[in-house]
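In what follows, a single structure is set out as structure tokens and then discussed.
Proteins come first, then strands; the chains are lettered A, B, ... in the order of their sequence lines, and each starts at number 1. Worth knowing before you read on, the calculation uses all heavy atoms, side chains too, and leaves out hydrogens, waters and symmetry mates. Keep in mind the model is a prediction, meaning the values are calculated, not measured.
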Amino acid sequence: MTAPVLSIRNLTVDLPEGGDRPHAVQGLTFDILPNETVCVVGESGSGKSITSFTAMGLLPRALKVSSGEVIFEGRDLLTLKEEEHMRLRGKRMAMIFQEPMTALNPCYTVGNQIEEVFQAHSRLTRAEMGERTLDLLNEVKLPSPKRIYHSFPHQLSGGQRQRIVIAIALAMDPALLIADEPTTALDVTTQAQILDLMNELKQRHKAGIMFVTHDFDVVAEVADRVIVMRRGEIVEQGTASEVLNAPRHSYTRQLIDAVPRRTRTAPTHEAGREVALDVRGLSKTYHIGATMLGEAQTIHAVKPLDLTVYRGETLGIVGESGSGKSTLVKCLMRLTDPTTGQILIDGTDVAASSRGALRASRKDMQIVFQDPYGSLNPRRTVGDQMVQGPLNFGARRADATKRAMELLQIVRLGEEAFWRYPSQFSGGQRQRICIARALMLDPKILIADEAVSALDVSVQKEVLDLLRDIRRRMNLTMLFITHDLRVAAQVSDKLIVMSEGEVVERGSVAEVFGNPTHPYTRKLIDAMPGQTWEVPDMATLGPASDL
Amino acid sequence: DKANDTATLLFTKELDNANLYYTTAREGTVVGYSAFDTLMYRDPATGDYLPCLATEWEWVDDKTLKLKLREGVTFHNGEAFNADDVVYTINTMLDPAQGIKNKGLVSFIDHAEKIDDFTVVLHLPAPYPAAFEYLAGNTVIYPNEYYAEVGAQGFSMKPVGTGPYMFTEIVPGQSFTLERFDGYFKDSPKSAAKIKTIHVRTIPDVNTQIAELMSGGADFIWQVPTDQAEKLASRSGLNVISETTMRIGYITMDAANRTGNSPFTDPLVRKAVNHAINRDAIAKALLGEKAQVINSACFPTQLGCEQDVTTYDYDPAKAKELLAEAGHADGLTVEFYAYRDRQLAEAMAGMLAEVGITANINMMQYSALSDKISSGEVGMAFMTWGSGSINDVAASTARFFTNSAWDQSHDQEVADWVNTGSTVVDVAERKENYSKALKKIADEAYWVPLWTYPTNYVISADLDFVPTADEVVRFFDMSWK
Amino acid sequence: MAENTASPAKPRDQSPRARMLRRARSHTGFLISSAILILVVLIAILAPLAPHDPYKQDLLARTVPPVFLGGSWEHILGTDALGRDFLSRLMYGARISLSIGLVAVAISAVIGTTLGILAGFFGGRVDRVVLFIINVRLALPGILIMLAVVSLFGGSLMTVMIVMGLLLWDRFAVVLRSATRQVRSMEYIAAAEVQGASTLQLLVKDILPNIANHLIVIATVELAHAIILEAALSFLGLGVQPPTPSWGLMISEGKEMLLFDSWLITIPGIALMILVLAINMFGDGLRDITEPEGRN
Amino acid sequence: MLRYFVSKLGLALLVALTVSSISFLLVFAAGDPAIAIAGENATAEDVQAVREFYGYDRPLVVQYGSWLWGVLHGDFGVSTYFNQPVSSLIGPRLAVTMTLGFLSIALALAISIPLGVLAAMRPNSALDRIALSIAVFGQAIPNFWMGLLLIMFFSIHLGILPASGTDSWKSFVMPMIVLGTSATPAIMRLTRTGMIEVLGSDYVRTARAKGLPQRKILFKHALRNAVIPVVSLAAVQLGFLLGGSVVVESVFALNGAGYAAWQSISRNDLPTMQALILIFSMFYIFFNLLADVLNAWLDPRLRGN
Ligand SMILES: Nc1ncnc2c1ncn2[C@@H]1O[C@H](COP(=O)(O)OP(=O)(O)OP(=O)(O)O)[C@@H](O)[C@H]1O
Ligand SMILES: Nc1ncnc2c1ncn2[C@@H]1O[C@H](COP(=O)(O)OP(=O)(O)OP(=O)(O)O)[C@@H](O)[C@H]1O
Ligand SMILES: [Mg+2]
Ligand SMILES: [Mg+2]
């Protein structure tokens, strides 16, 4: 057996005083072999990033390693002098980060930023560096490398930037590559390309790769071995097929069970023929005045489109980032004024109503936003924010409070939540509060704009279940916006696919998935990771090992 | 300093314009004496008028003055001095189109006439007794050809005169430099220049001035506040000289009710104010030994400045009584304006407060305050007046009691006396009229005449300089020890 | 370093205010500066207990040095050039200087906050107009305008306060504009909007509480600024009118004697410096204490 | 890009115009300029004559119009106090003030940027505390007091620097220190917060992961980004320094434009004051445009494609 590239022994990193637990990671032990991709999965805050940073020597100052060894090429990195570690970084070990949009310095050309690695770690001449850089740009499959070389980061798309980051990481042919959620911020199609690239590079460079992610589909796509972490500890590790298909630990099972199936799990809903929402020729054009960034621009965020949603139906709206989903929603809610078109609810055209009339019709349509942190006012108690809506529409405070208490129960939060501030709740809990708040006004239509995208899979599952439950109970009409096809498939009755402000495909879930007509839809579906992996049925597995 | 024969003098305010008809500032007067000459020269010690550019003069009648001019005088630029220069200077400055600022310098003349190359006649529109004061003061003579060539503005950048010093450099607002004029005419009543270069710089802050003086960066400062001057006196290497000036301080009160609701229409109130202020104590404590309390509305040595007038001694009890009598037993609140000497104003306000007059101090810029006074919006103000160093009541009292915009009492009787005093030629008659006026002013307590202002000079021990009472620094009197 | 580790927020303690208080209690700079400020405020309030009448002059006891420089206990900090008790004037001066600062800041806070919030909230044309006004204000050399106005109207306490108030609002406007913009784009504002909140409600209940920390921090900065500015105006002879004993005026009166009786300027100078220092430290502390709140 | 600048320039001109008319009105409100011109000895008739001579009896709009027309032709009129063309009067004064302004801002940057960077490298360390204290201290000490203290020490006590004047570079040392330290705190704070933020940014983390030396990370990657808001601030501060040098110029007897502006206010020297206020606001606007350009150079995102 070959010697491991990285070997972590009994690593414990302390959290500063006052944290929610004493250790960021505790008693970690695992190896990474050359030519092997080890996926580290686990919920948010489980210590995945801390582990990567420790290996790279980039641990924030607030955190201290209290015990253990990190052996890399025979040396314990923890006892290494900072300068020596510095010489290893970028040369023998490299790292790719989650957020490609901000990972590159906006002030320098990407060529310059790649060459820096050579300047720091080699004695190449300028010309050689330039040549090697162009080779790298070719290797990560960037089109017209010459042009890219002289581009600034802001002139490149997210996927292109992530390739630059990968090129930087590969520059010196490192033995160890750490990728911390390298595709989470990218849309599916780009993600698919990056994952392909990673697989290819592993083979070519024979590097050991530590791949941090929380997405089991991605794990299924790239992993040789899998490590599952929870609250700073490893709960399970094994080969990819072992962990994915026969998870032993109950936590792993819980995680995998939460992965949305590609098939619809909600019972088919008997949609009435009554129209809840009718949208005709709706479009939205943004005009951006000239700035230093360039000339004035006109953006057709949503091109004229028609929609009909029947009462009790759930319409899923999917499409990659920037396809106009949120703009559509904002127009529907009249948070922004549509450029053209009609929005008919019960025969009233919301798009044409005056400010005053609008307030009245707002009752009918409510929304839950993506960011559970940003959609609650940190300075008002939960209860205060919940009762505000009914009060605005003339309800009595006592009634509103009573209703709020009920709804808090329904979203499975205690009544005491009423008196607390948002900062005292976790993301999932906050999202439930937002749902409860939206329901305070007894809306006919509920819009969820990426309402679960920011949540961990397990939490995501809970919230989806909750939404489904409520929808049934209250006979709600729902518009469900997401970029995750699996999620869309799971909750929707009908789907529309948007691309560049246009609806390119519409139909029932089965139609869209089973028989996509538009090439864009096909591309989207093909790009979904982990297609070869069927989520195992937990019920068929034996009892969990930790029980 | 002595080594390079350059005396550095520090002024608080700058010379706004070296063309002296365009400035009313003291700095202009000072420079005028050294860089230019006038037709006559008044001996600062005796007060006699001595021949300067004119050698002889006689009154042909009340309104006609004939002057014989000196021969052999040249301007700094080599131009010879003759009657053309005198006639040109006076007639040009009289032309309203020139827009000169210091009109008083020539306004008593109607026009000048050339008789021959060295004889001129000045025609006055009306008899003007104080004429010599001006002719010996700042009515300086310019070279006609040069002035015609460069014009008013050009002249202010490069002035040319006949005086003992000539301008070599002017940096507006910052400094100017004078150099000894070696061709200065021999028989001048002014002495010839002794120090080669006089460098005058403007430093607005007194502390900075003192710092420069103490660190050897300057040889001469003046108008130093008394407190500092006293402290500096004990320093070696420095001499402190205190000299009286013609500047007087006074409080003017709105006796004519121009503000509309003036409490000062009542003579009792005005007298109360007079009694309330301890002028002696303030003058002694804050202005120094040389300050003199005055009782009459003029500078004591001025011609016609009657000294035998009603006086009001410091008597707060009396003041309170008078106020009560005037119906202000509960006190009185007034706005009290001032433009300089904040400390003095404060001290007076403090004393007024003791007798029940709350005087809210308003410090303003001079121009703003004079605007306010002349448009009749000021009830009570602490002002000072320097008479332009003219030793004649015509330059002081006459300005403030002739029903002009500056007159706060509008007493027709007083105005008539003062006007007569300013226009008749006979000295005895003038004195008599002024005396009547000043007596009534004091009886009615239109003003609170306060004190004279001494000026403190601090000079380096190397420098020999004796200041004069007219607040004019004569550079040509300075020399190294 | 902000490694983006969105740690699961655990319900830990009560309201944002309670957490702020907890942070305040462990912030040394904040505690020290608060103590100093409380002291100054107390002095200002208790000024009537001063040993002497601050306006009572005595020309026979001028510039008596303070006790520690050989003076007497009668006048602990000596007397000024008109023989007024320096300690008493200093105590009243605290009152004047503080009220000048507070009133000026109150005025400018109202103007600046209104403009800033309007611009940030409504954006578009309103924003452009407000930006223009801010630009004009910034392009006007403020101190010169102040001098012009004060020399025109005379430097009564009122004038000085109002003029400063009318000229110091720019920072409020600039910062609150961007803070409001930021808050405006938060989803909780949209959420409140779809719940039928009126504009006024949004401004008062959702925007204002969330930008209040910026407001307070700027207010402290401007308070210090106003107090220093008043001293500068007094230096040029255009500040508060005598005999009102503002610290700025006392410094400017003392400056004449800087070279000889330097305590006349040193005492009020140090008092002023400590006050301004404390206000600034207080502001910094406040920033530290309130800032993390912005995140959740 | 070009259009952007043209529109920005248009806005700047509009600002300048507004500023000039505001100051024009203000100056006129400040009292009758004729009285100031006529001087102490003037009679009411003299004042009236002056009023007519200078045209102060015309309607305000007409006066403003003719002034503006003159300015457009490079003619600021004649100083009523010095009786000289304003342009020749303020030229050398502006030179003094600009020299002082640039020196001070240079000093402020030279102190505050390194200090800000050092403080940001270890927030809450002793060094950071010291830097912050310097900043707070610089804010708390009144300019004129500091100026006088410096004079006491360097001119009287040590005798190595002239207390006043503009004769040599030495004369600028103390004014520069006073004015520079007054601009330091704001710039240092901004540098510090900017650096702290940038040092925590993803791209700095990337740079670390590349194994770049600390020096390069700090000065190449972090500083350039952190300094972008500082450039804008420095421009604003420079504008303030020029307009606000009144106090320092009067302490050190520098014959500069700030002091001249103040003096012209107190003397109702309308043309001079008008010209100076206009020029100061133009400077402010110009420096801001300059800062925009500089920032566009520093930050490619701000450039056109
Ligand atoms: N700079 C820091 N200071 C204090 N605590 C930190 C810091 N960085 C991370 N932590 C804590 O360390 C723990 C592990 O964080 P880590 O970033 O490794 O989680 P993760 O598994 O990467 O989560 P995610 O999926 O959200 O990236 C968390 O509880 C987090 O709050
Ligand atoms: N306020 C705005 N001004 C100008 N352009 C805008 C504005 N809001 C959105 N856009 C543009 O409109 C297009 C559609 O944006 P939208 O936010 O609707 O996309 P999305 O499908 O919701 O994307 P995501 O999945 O990233 O949320 C994008 O190109 C975006 O840049
Ligand atoms: Mg992470
Ligand atoms: Mg969106």
Side-chain angles (χ1 to χ4, degrees), chain A residues 49 52-53 56-58 60-61 82-109 112-121 150-155 161 164-165 168-169 171-172 174 178 180 289-296, chain D residues 1-11 120-125 128 196-228 231-232 288-289 291-305:
Chain A
S49 296
S52 340
F53 291 147
M56 287 297 289
L58 295 176
R61 261 197 210 98
E82 167 57 22
E83 285 97 90
E84 288 180 68
H85 208 155
M86 192 176 82
R87 271 192 292 271
L88 288 180
R89 277 203 295 274
K91 189 174 186 185
R92 301 303 304 148
M93 53 187 359
M95 186 157 177
I96 304 166
F97 301 96
Q98 169 170 2
E99 190 48 76
M101 302 310 276
T102 53
L104 294 169
N105 192 329
C107 291
Y108 300 96
T109 60
N112 182 319
Q113 295 189 56
I114 298 175
E115 280 179 5
E116 264 184 351
V117 184
F118 297 122
Q119 282 165 22
H121 300 292
H150 291 290
S151 299
F152 287 98
H154 72 272
Q155 295 163 324
R161 290 188 217 186
I164 301 291
V165 176
I168 289 173
M172 298 303 295
I178 299 176
D180 189 357
T291 63
M292 212 183 270
L293 286 170
E295 297 295 305
Chain D
M1 174 85 163
L2 187 68
R3 234 179 78 190
Y4 172 80
F5 267 103
V6 169
S7 74
K8 195 120 190 178
L9 211 64
L11 190 72
M121 275 167 65
R122 295 200 173 263
N124 297 325
S125 66
D128 185 24
I196 288 181
E197 195 185 311
V198 170
L199 284 177
S201 73
D202 288 354
Y203 54 82
V204 164
R205 192 176 56 184
T206 307
R208 279 190 214 289
K210 281 192 230 173
L212 297 188
Q214 179 77 354
R215 175 178 42 81
K216 201 158 182 178
I217 290 174
L218 274 183
F219 293 103
K220 180 173 175 186
H221 286 275
L223 192 56
R224 182 157 174 175
N225 283 284
V227 97
I228 288 167
V231 169
S232 306
N288 272 280
L289 280 180
D292 283 351
V293 174
L294 196 61
N295 277 342
W297 174 74
L298 282 174
D299 185 349
R301 282 171 300 182
L302 299 177
R303 289 175 224 161
N305 290 340

TODO: Tell me, for A/M56 versus chain D, whether the close heavy atoms (under 4.5 Å) come from the side chain, the backbone, both or neither.
DONE: side chain
TODO: Please report the closest heavy-atom contact between A/C107 and D/N225, naming both atoms and the distance.
DONE: SG-OD1, 3.3 Å
Task: Pick from A/I96, A/V117, A/L104, A/T102 with the largest number of heavy-atom pairs that fall under 4.5 Å of chain D - done: A/T102
Open item on the list: Taking every non-hydrogen pair under 4.5 Å, which of A/R87, A/E83, A/H121 racks up the most with chain D?
Closed with: A/H121
- [ ] Would you mind checking which part of A/H85 comes under 4.5 Å of any heavy atom in chain D, side chain (CB onward), backbone (N, CA, C, O), both or neither?
- [x] neither
Task: Closest non-hydrogen atom pair, A/A120 against D/G211 - done: CB-O, 4.2 Å
Open item on the list: For A/M95 versus D/A209, what's the shortest heavy-atom pair and its separation?
Closed with: CB-CB, 4.4 Å
TODO: Drop me the distance from A/L58's CG to D/R205's CZ, to the nearest 0.5 angstrom.
DONE: 8.0 Å
Task: Partner set under salt bridge (Lys or Arg N to Asp or Glu O under 4.0 Å) for A/K91, not counting sequence neighbours - done: none
Open item on the list: Using 0.5 Å steps for rounding, measure from the CG atom of D/D202 to the CD atom of A/Q98.
Closed with: 9.0 Å
TODO: Decide yes or no on side-chain contact (heavy atoms from CB on, under 4.5 Å) for A/Y108 and D/R224, but give the supporting numbers first.
DONE: CA-CA 10 Å; A/Y108 300 96; D/R224 182 157 174 175; 3.4 Å; yes
With a 3.5 Å cut-off and sequence neighbours excluded, list the donor-acceptor pairs that the side chains of residues 212-223 of chain D form with protein atoms.
| from | atom 1 | to | atom 2 | distance (Å) |
| --- | --- | --- | --- | --- |
| D/K216 | NZ | A/Q119 | OE1 | 2.7 |
| D/K220 | NZ | A/N112 | OD1 | 2.7 |
| D/K220 | NZ | A/E116 | OE2 | 2.7 |
| D/H221 | ND1 | A/N105 | ND2 | 3.0 |
| D/H221 | NE2 | A/E116 | OE1 | 2.8 |
| D/H221 | NE2 | A/E116 | OE2 | 2.6 |

